[in-house]
Number of protein chains: 2
Amino acid sequence: MENPLVAKLQQFARLSCESKAALHTHTNGRVCHYGAHEDIISEGDRPYVIRLILTGWAYRYKQLNDGRRQILALSLPGDLCDHNVFVLREMDHTLSSLTPVTLAEITPAAFHALTLAHPCIAQALWWETLVNVATQREWTTNMGCRYAAERLAHLFCEIFYRLRGVGLTEEASCPMPLTQTDLADATGMTTVHVNRSLQELRAERLITIKQRRLTIPDLAALERRALFNPSYLHLYHIGQRRDTKGD
Amino acid sequence: MENPLVAKLQQFARLSCESKAALHTHTNGRVCHYGAHEDIISEGDRPYVIRLILTGWAYRYKQLNDGRRQILALSLPGDLCDHNVFVLREMDHTLSSLTPVTLAEITPAAFHALTLAHPCIAQALWWETLVNVATQREWTTNMGCRYAAERLAHLFCEIFYRLRGVGLTEEASCPMPLTQTDLADATGMTTVHVNRSLQELRAERLITIKQRRLTIPDLAALERRALFNPSYLHLYHIGQRRDTKGD
DNA sequence: CGGCCTGTTGAGTCGAGTCAAGCGCCGTGG
DNA sequence: CCACGGCGCTTGACTCGACTCAACAGGCCG
């Protein structure tokens, strides 16, 4: 299987063959496996290594003193877990696996060498960082001014776009390992309300969820329902995504 | 007046005299002035320059198709407006002035030279970037799982901490140019509800706002009310902040 | 079989939004 | 000098979106 990081970065920049090869070798060092629902790095821990998700889903969350939980972001295959976090002394949130996950661990030194030798990779990684921030802003917007059903619809659109970028969708469907409880924590709602809002979207024939798979029969319609605007993902090579046979 | 960027970065790292001098000269090039409530760079524009806020407040916002507005972040003196945004083709949100503002404009080339010559500055800038992301995550949490009065209290705590870091507080008070409408857009509430929640906080003797100044008689109490945890700001040099006379 | 997790449903409550009106301050202009 | 208008703040009454509590159904697994 293609390296998902290469797939991801190619959405932004054309990478030379040497750069791709370098990414391959640098991300094939130490590989870790986690089961579902394990903390990978916790709030308060000191980060010391850069992680790349190879397969599986993870998520970041934060918990208030009194137990209220907020899911902050999803980490999908090809996502880096904050390259350069080691600049900070400790994590301010927790990264946890949602499904079983395999991670590549990259040392800061190796990473630094990679970016020095390949400026186009360095730039693509900046793109990755900026898209992460933009996504976080979009989540803020989502919580701040969308209604329940719109929030869920927006989340589904984002997931679909991101998975499609790394070749993990099939036709109009994609994996959906999030339970209704997870969806509730990600969108700032209760499970009961998530349940009812999902029914609403189903009744409008915008989504179906069966056996942990999400199907979106009409993506454009779901986008309208969600007031979704993909510009925050800064995908410049749409349409060139699948033309990578010439590698 | 001291360069606010120097003050800000020193919260994280000790900078050498040469590094400080370099920051001074590089951020004293082209200076721009804006009045209150002017767009500095709009959604869809191509960023081409790095901006540093010298004085005044600005904010980022996003607007949905149907007009709903979300304030995403505040930019206070010492804040950089996304160094490296020029990696992206277009802005996905708008940066606008809240009060009259003076900005330093720095070219990407000058910025690049600065980071190459001063690794400690490069690292401090990475810290700045990561704190920005962490702050955005905290805003997501704020919208997702705090009640109205808590949200406002949290916002006030953050503003106070950030302003104190660049020496813009006096005793227990700081400027507060945000109107109730602005607070509403920043916290995902209506102005009516902001008004009532502010009254609540006032009645609990946690804040007073008079003539665009916020006073926090007991910061620790406000933090408890807000479930505020400053760790996301990653301020490591607290207590050393004001001991910079030996420069 | 029984327990647990996930999803579903109903009834009642409550936090927050909507609509509408009125107040006070301030700058402008007649 | 004062009338006017605009903006920001405040208040009341009503509505509605979302939460709480509680019970139950289905599927999976030990």
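Chain letters run A, B, ... following the sequence lines, proteins first and then strands; every chain starts at 1.
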Give a yes/no on whether any side-chain N or O of B:N195 is located under 4.0 angstrom from OP1 or OP2 of D:dT10.
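Answer is yes, contact under 4.0 Å.
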
Are any of B:R202's side-chain N or O atoms less than 4.0 Å away from OP1 or OP2 of D:dC9?
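Checking B:R202 against D:dC9: no side-chain N or O falls below 4.0 Å of OP1 or OP2.
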
Round to a whole Å and report the spacing from [atom1] of [X] to [atom2] of [N].
| X | N | atom1 | atom2 | answer |
| --- | --- | --- | --- | --- |
| B:L178 | D:dC9 | CG | C1' | 15 Å |
| B:D185 | C:dA16 | CG | C1' | 15 Å |
| B:Q211 | C:dC25 | CD | P | 11 Å |
| B:R212 | C:dC25 | CZ | C1' | 11 Å |
| A:Q180 | C:dC5 | CD | C1' | 12 Å |
| B:D182 | D:dG8 | CG | C1' | 11 Å |
| A:K210 | C:dT8 | NZ | P | 12 Å |
| B:M143 | C:dG15 | CE | C1' | 15 Å |

Donor-acceptor check, side chain of B:R151 to backbone of B:R146, threshold 3.5 angstrom: yes or no?
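Pair found, side chain donor or acceptor close to backbone of B:R146.
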
Quick one: label B:R68 by what it contacts on the DNA or RNA (base, sugar-phosphate, nothing), any heavy atom closer than 4.0 Å.
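Since no nucleic acid heavy atom lies under 4.0 Å of B:R68, the category is nothing.
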
[X] side, atom [atom1]; [Y] side, atom [atom2] - distance, nearest 0.5 Å:
| X | Y | atom1 | atom2 | value |
| --- | --- | --- | --- | --- |
| A:Y147 | A:T187 | OH | OG1 | 15.5 Å |
| A:D185 | A:Y61 | CG | OH | 10.5 Å |
| B:F160 | B:T215 | CZ | OG1 | 9.0 Å |
| B:L98 | B:I71 | CG | CD1 | 7.5 Å |
| A:L178 | A:W57 | CG | CH2 | 5.5 Å |
| A:R68 | B:L227 | CZ | CG | 5.5 Å |

Could you label the plane-to-plane angle of the B:H154 and B:Y232 rings as parallel, tilted or perpendicular, counting under 30° as parallel and over 60° as perpendicular?
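Aromatic pair B:H154/B:Y232 classed parallel.
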
Return the 5'-most residue of the pair B:H37, B:Q199 with respect to DNA chain D, ranking by each residue's nearest nucleotide.
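It is B:H37 whose nearest nucleotide is closer to the 5' end.
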
Each nucleotide of nucleotides 16-30 of chain D classed B (base within 4.0 Å of a protein heavy atom), S (only sugar-phosphate) or -, in 5' to 3' order, makes -SBSBB---------

Is B:R205 salt-bridged to B:D218, going by a charged N under 4.0 Å from an acidic O?
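No.
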
Using five pairs at either end of the helix from C:dC1-D:dG30 to C:dG30-D:dC1, determine the angle between the two local helix axes and round it to 10 degrees.
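That helix gives 30° between its end axes.
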
